[in-house]
Protein chains: 2
Amino acid sequence: MHHIQKKIGSELNPNVSVDCVIFGFDLEQLTVLLIDRGEIPSGSGPRMALPGNLIYDNENLDQAANRVLAELTGLENIYLEQVGAFGDPDRIHKESDREWLKSIRAEPEARVITVAYFSLVQMAHYKPQASSFAKNADWIPVNEIKELAFDHFEILQAAKEKLKQKIKIQPIGFNLLPEKFTLSQLHRLYESILDKPLDKRNFRRKIQKLDILSSLREKQKGVPHKPSLLYEFNEEKYQELTQTGFDNFGF
Amino acid sequence: MHHIQKKIGSELNPNVSVDCVIFGFDLEQLTVLLIDRGEIPSGSGPRMALPGNLIYDNENLDQAANRVLAELTGLENIYLEQVGAFGDPDRIHKESDREWLKSIRAEPEARVITVAYFSLVQMAHYKPQASSFAKNADWIPVNEIKELAFDHFEILQAAKEKLKQKIKIQPIGFNLLPEKFTLSQLHRLYESILDKPLDKRNFRRKIQKLDILSSLREKQKGVPHKPSLLYEFNEEKYQELTQTGFDNFGF
DNA sequence: AGAGCTTTGTGTCAATTTTACACTATGCCA
DNA sequence: TGGCATAGTGTAAAATTGACACAAAGCTCT
């Protein structure tokens, strides 16, 4: 991202990049923040790609991922987790990709391995930054994504799977919801991530039994139907729960 | 590993290495194959390290991990799974580490990120290769490992955790056992990996209900107690099981 | 004001799974 | 033959899961 000033005394490492799968939830379905690389000169490859960049030699991988995220979204201190490293020697092959890579200061001929992360953000908090990328960034429902540039589709699949496994073990889903949310929204979220229907009553029962939600004395307003009670995630109660060795939400 | 001939047309990538956490099971506890780097000139750091090496520019990460594994153990086609990428810019700091790195052709000053894998091998299959490393390689019980060179201890922890999670979802433990094994051995294995006691009768019931073992009409011999029946893992039955969408062993 | 629409919120019962727990059987060894 | 060590087995109570249907609340439209 050429608008970012190069840090003094640091160099881009030509061999290692990070890519971020930034998940959001529009209260209906799971979405991912993708970048439209625009019309590509000679290429016919997919236009959409995950945000990412080369790392600097003086930052660690987590820092690099946080940086990429912040440059694009302006968000800091958000949930971020490594998915893994990807990198076939021939992962870059299209002429169009080379052009693109030059634009982010990568050397098109270099063999690059990329470390993928996924992050969970509240879509409402997202404010596109004035970077060259953010202009072309957009939330796309995961289920509508059929292909991506480079090996990004493969990375997306791995990120979805990791998220799926992780949410069975930790209640990280709250990072995707507003502070105040309804049980129905939480229900939809779990269905989206686990990619299967969950019985409404059984879901509610299970969640309530965990006792990690605070019920607010507050209702939805302005909805054209019976308004729902609002809830908040209760970090303290969750900490108590984990201290008992609990690590299985049973989904 | 300087005894390995450099592949024609390939170069070592100075920025990316792989490290392998090679798990074994001595029928009592979980062990890891570590390399003793020997007396270190000026250093006081830990002598033991995970096997690993830089990657070649013409191999992918999985291939590199398989290569490291084969160079050390002579084993091929064994269970291997990525743990993740590690790499603080300052992960190498000791003078002694620099000497060591030179010996594996790494550039001591370069910033290296490493991609960690874990693999599961039958200890009985392990035959040390005639490499400079294998002479000093040895199986160490995981619970006795208190420190390792570089950031390898952190990697080991991550590998243990990954193995723990994975075995709750897939019956990969069989890779650590001989073809024929007893239920008690399997029981001990699960206890070692999950790091908690499991009730004997409940464990046996659960495993048997899965119906992925073939009972052999054969008993242990030469043991100074009642001999146990021997079992084999039944790959076909496991495939049937997974085709029902099964992905939770309930541990 | 009332009818209709949409989503919320709730309980029970049967089936399954989990947990806790102790004694007999078998083969080796001394 | 007695002692030792581990294998192998069953049950009952408690907890969890899965399937399932209808009344309540607020909005909208007429």
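Proteins come first, then strands; the chains are lettered A, B, ... in the order of their sequence lines, and each starts at number 1.
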* Between B:Gln239 and B:Glu235, does a side-chain hydrogen bond (donor to acceptor under 3.5 Å, both in side chains) hold up when you go through it step by step? -> CA-CA 6 Å; B:Gln239 291 304 335; B:Glu235 178 73 27; 2.7 Å; yes

* **Inter-axis angle, terminal five-pair segments of the helix from C:dA1-D:dT30 to C:dA30-D:dT1 [nearest 10°]** => 10°

* Name the first nucleotide and the last nucleotide along DNA chain D (5' to 3') that come under 4.0 Å of a heavy atom in chain B. => D:dA5 to D:dT11

* Asked: Checking A:Arg37 against A:Phe150: charged group under 6.0 Å from the ring centre and within 45 degrees of the axis?
  -> yes

* Asked: Taking only residues two or more places apart in sequence, or in another chain, which ones meet A:Phe153 in a ring pair (Phe, Tyr, Trp, His ring centres under 6.0 Å)?
  -> none

* Do B:Arg188 and B:Phe25 come close enough that some side-chain heavy atom pair is under 4.5 Å? -> yes

* Among A:Val223, A:Leu229, A:Leu230, A:Leu177, find the one that has a side-chain contact (heavy atoms from CB on, under 4.5 Å) with A:Thr182. => A:Leu230

* **Side-chain donor or acceptor of B:Lys146 paired with backbone N/O of B:Asn143 under 3.5 Å** => yes

* Asked: Closest nucleotide of DNA chain C for B:Pro227 versus for B:Gly250: which of these residues is on the 5' side?
  -> B:Gly250

* Asked: Taking the six-membered ring of B:Tyr190, is the NZ or CZ of B:Lys196 close enough (under 6.0 Å from the centre) and on axis enough (within 45°)?
  -> no

* Answer yes or no: are there more than 12 heavy-atom neighbours, outside A:Lys206 itself, under 6.0 Å from its atom NZ? => yes

* Asked: Heavy atoms under 4.0 Å, any strand shown: does B:Ser184 hit a base, just sugar-phosphate, or nothing?
  -> sugar-phosphate

* Asked: Taking atom types as modelled and ignoring hydrogens, do the side chains of A:Thr114 and A:Asp19 form a donor-acceptor contact shorter than 3.5 angstrom?
  -> yes

* **Sugar-phosphate, base or nothing in reach of B:Leu183, heavy atoms under 4.0 Å** => nothing

* Asked: What are the residues of residues 198-220 of chain B, sorted by number, that bring a heavy atom to within less than 4.0 Å of DNA chain D?
  -> B:Lys200, B:Arg201, B:Arg204, B:Arg205

* Under 4.0 Å between a Lys/Arg side-chain N and an Asp/Glu carboxylate O for A:Arg205 and A:Asp199? -> no

* To do: Applying salt bridge (charged side-chain N to carboxylate O under 4.0 Å, His left out), name anything that partners A:Asp195, two or more places apart in sequence or on another chain.
  => none

* If you walk 5' to 3' along DNA chain C, what is the first nucleotide with an atom under 4.0 Å of a heavy atom in chain B, and what is the last? -> C:dT18 to C:dC28

